[in-house]
**Student:** 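Could you have a look at this structure, given as structure tokens, before my questions?
Each ligand, and each atom within it, is numbered from 1 in the order the structure gives. Along the sequence shown, residues are numbered consecutively beginning with 1. Treat the numbers as computed from the prediction; the structure is a model and nothing was measured. Scope of the values below: all heavy atoms of this structure, side chains included, with no hydrogens, waters or symmetry mates.
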Amino acid sequence: MKYQTRKKALVLLADGTIFYGKSVGIEGTATGEICFNTGMTGYQEIFTDPSYFGQIMVMANAHIGNYGVNNEEVESDGIKISGLICRNFSFTHSRVDSDGNLKDWFTKHNLVGISDVDTRALVAYIRDNGAMNAIISTDVDNIDTLKKQLAEVPSMEGLELASKVSTKEPYFVGDENAEIKISALDIGIKKNILRNLVKRGAYVKVYPYNSSFEELAFFNPDGYFISNGPGDPEPLKDAQEVAKEIIKRNLPLFGICLGHQVIALANGISTYKMHNGHRGINHPVKNLLTGKGEITSQNHGFAINREDTEANPDVEITHVHLNDHTVAGIRMKGKSVFSVQYHPEASPGPHDSEYLFDEFIKNIQNNKKVSVS
Ligand SMILES: NC(=O)CC[C@H](N)C(=O)O
């Protein structure tokens, strides 16, 4: 595609600020909460992460598309971000095992994308002014219409989105003869979490977001998992109920990101919307149990309340984000229940936190021994 023929496009923020660029996706309009990711690699994993459903993504990395797309490197069945904003878009790519270029992939998945935006200025603007809704469009001559459309976009706060990305029917992953069985509640699960569980010898049954504890227990699992996902954790009452039932029975439970927030809420710990979330692959976290630092992959706009956590006699803070001291991990005292706000399965990205999957499996094995003896 010739650079000169590309259509003009714009980003309109909820406070009226406008940034201009050029279309790289389909022509049209997309809305959502605007957020930015600072990762220098992994655009395909970001675009397909269900946790980003309903969000317009600004890529802080200046080059997007240069290594094309690979059919294996997806975190779900398709693009989940609602729109893309970037600086330089590569219409050509270079990579031995690529399956195609990013532009065609955007067309296939109907994504509205804008390049040639001053993303350094835009990222700095969002950083200073906080998360807000935005609209991106190739319809640059109808700003008043866009403003009206933008005013209709719901706030991320209080928004339930797990139902939009969760599986409709339960499904199985792994070898059915595996030694360990896990029931996973899908409130927006990333494929690489399942790969990490299967890699460690688990046979996993994945359940829809609104399943009950009884449904998850019917598989007769050795452990339970609650996934990452989009939106506000607060309205996810069914998932919180599932967590409460698992906790009540003292069964092994692991939660990642949205799952972590659900486990906190099940313990009466409130959650809140952050000024800006954490989205990138170099977030420093301290493990308070080992004293070690971890470089982690993160993607969240909500967090759990530190005061509530500290005041809760059943819960202990295990991990802290070193940039802003927000709670990055918890465990329940005397139980094999733990969760982290970040992504130990990150792919690509830092692998420092993969040990958390080993700990989950260890908890499950220990619990199995106890129930047998
Ligand atoms: N990756 C996730 O699970 C994100 C959780 C939640 N939607 C948040 O933004 O905080």
Side-chain angles (χ1 to χ4, degrees), residues 32-39 42 45-58 75-76 80-82 126 130-133 154-167 184-194 196 206 209 225-237 239-240 243 254-266 269-281 283 285 296-306 309 319 321 323-324 326-330 338-347 349-350 353 356:
E33 182 188 51
I34 195 161
C35 58
F36 61 89
N37 190 304
T38 56
E45 288 85 346
I46 291 168
F47 301 161
T48 56
D49 179 348
S51 302
Y52 284 124
F53 186 88
Q55 288 175 319
I56 294 174
M57 178 58 58
V58 186
E75 290 294 347
S76 68
K80 292 292 169 354
I81 57 168
S82 59
I126 308 165
M132 63 180 96
N133 283 341
S155 159
M156 189 54 87
E157 206 158 356
L159 204 60
E160 184 283 304
L161 291 174
S163 56
K164 311 266 190 242
V165 292
S166 176
T167 180
L185 188 66
D186 171 13
I187 47 177
I189 202 160
K190 285 171 69 184
K191 277 184 195 281
N192 209 37
I193 292 177
L194 293 170
N196 265 287
V206 185
Y209 75 103
F225 176 78
I226 305 181
S227 80
N228 63 293
D232 190 332
E234 217 279 324
L236 298 176
K237 302 294 181 203
Q240 291 163 33
F254 180 28
I256 290 180
C257 216
L258 188 62
H260 158 79
Q261 297 163 353
V262 163
I263 292 172
L265 286 162
I269 297 167
S270 62
T271 53
Y272 64 94
K273 179 105 174 73
M274 302 162 85
H275 175 71
N276 258 308
H278 298 147
R279 297 178 184 91
I281 55 177
H283 284 256
V285 162
T296 69
S297 171
Q298 304 218 0
N299 158 24
H300 65 110
F302 292 86
I304 75 166
N305 182 290
R306 175 181 271 276
T309 315
H319 297 77
H321 195 297
N323 288 352
D324 58 9
T326 49
V327 178
I330 53 168
F338 72 106
S339 59
V340 283
Q341 184 60 83
Y342 52 94
H343 287 269
E345 81 291 352
S347 162
S353 317
L356 292 163

**Student:** Will you find, in the side chains of D186 and T167, an N or O donor that is under 3.5 Å from an N or O acceptor?
**Tutor:**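 The criterion, which ignores hydrogens and geometry beyond distance, is not satisfied for T167 and D186.
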**Student:** Is the shortest heavy-atom distance from the side chain of K237 to the side chain of L265 under 4.5 Å?
**Tutor:**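 No, side chains not in contact.
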**Student:** Under 4.0 angstrom from ligand 1, any heavy atom of M156?
**Tutor:**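 It does not, in that no heavy atom of M156 comes within the 4.0 Å cut-off of ligand 1.
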**Student:** When you measure from atom 2 (C) of ligand 1 to every protein heavy atom, which one gives the shortest distance, and what is it?
**Tutor:**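 For this ligand atom, the closest protein heavy atom is C257 SG, 2.9 Å.
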**Student:** Which word best sums up how the rings of H283 and H278 line up, parallel for under 30°, tilted for 30 to 60°, or perpendicular for over 60°?
**Tutor:**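 Plane angle between 30° and 60°, so tilted.
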**Student:** Do any N or O atoms from the side chain of E234 and from the backbone of E157 form a donor-acceptor pair under 3.5 angstrom?
**Tutor:**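 No, the answer is negative, given that no donor and acceptor are paired below the 3.5 Å cut-off.
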**Student:** Compute the minimum heavy-atom distance from M274 to ligand 1 and say whether it is under 4.0 Å.
**Tutor:**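 Per 4.0 Å heavy-atom rule, M274 does not contact ligand 1.
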**Student:** Tell me whether G229 reaches ligand 1 (any heavy atom closer than 4.0 angstrom to a ligand atom).
**Tutor:**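 In this structure, G229 qualifies as a contact of ligand 1 - some heavy atom is under 4.0 Å.
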**Student:** Is there a polar contact, in the sense of an N or O pair closer than 3.5 Å, between R279 and ligand 1?
**Tutor:**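 N/O-N/O distance below 3.5 Å does not exist for this pair.
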**Student:** Number the atoms of ligand 1 from 1 as they appear, then name those within less than 4.0 Å of a heavy atom of G231, with their elements.
**Tutor:**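 So the answer, numbered in order with elements, is 6 (C), 7 (N).
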**Student:** Flag F302 as yes when one of its N or O atoms lies below 3.5 Å from any N or O atom of ligand 1, and as no otherwise.
**Tutor:**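 N/O-N/O distance below 3.5 Å exists for this pair.
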**Student:** Should the heavy atoms of other residues, nucleotides or ligands under 6.0 Å from NZ of K273 be counted, would the total exceed 12?
**Tutor:**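 More than 12 heavy atoms, drawn from other residues, nucleotides or ligands, come within 6.0 Å of this atom.
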**Student:** Under a 4.0 angstrom heavy-atom cut-off, which atoms of ligand 1 come close to G301?
**Tutor:**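 Those of ligand 1 that fall under 4.0 Å from G301 are 8 (C), 9 (O), 10 (O).
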**Student:** Does D232 reach ligand 1 with a nitrogen or oxygen that is under 3.5 Å from one of the ligand's nitrogen or oxygen atoms?
**Tutor:**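 No, since none of the N or O atoms of D232 sits under 3.5 Å from an N or O of ligand 1.
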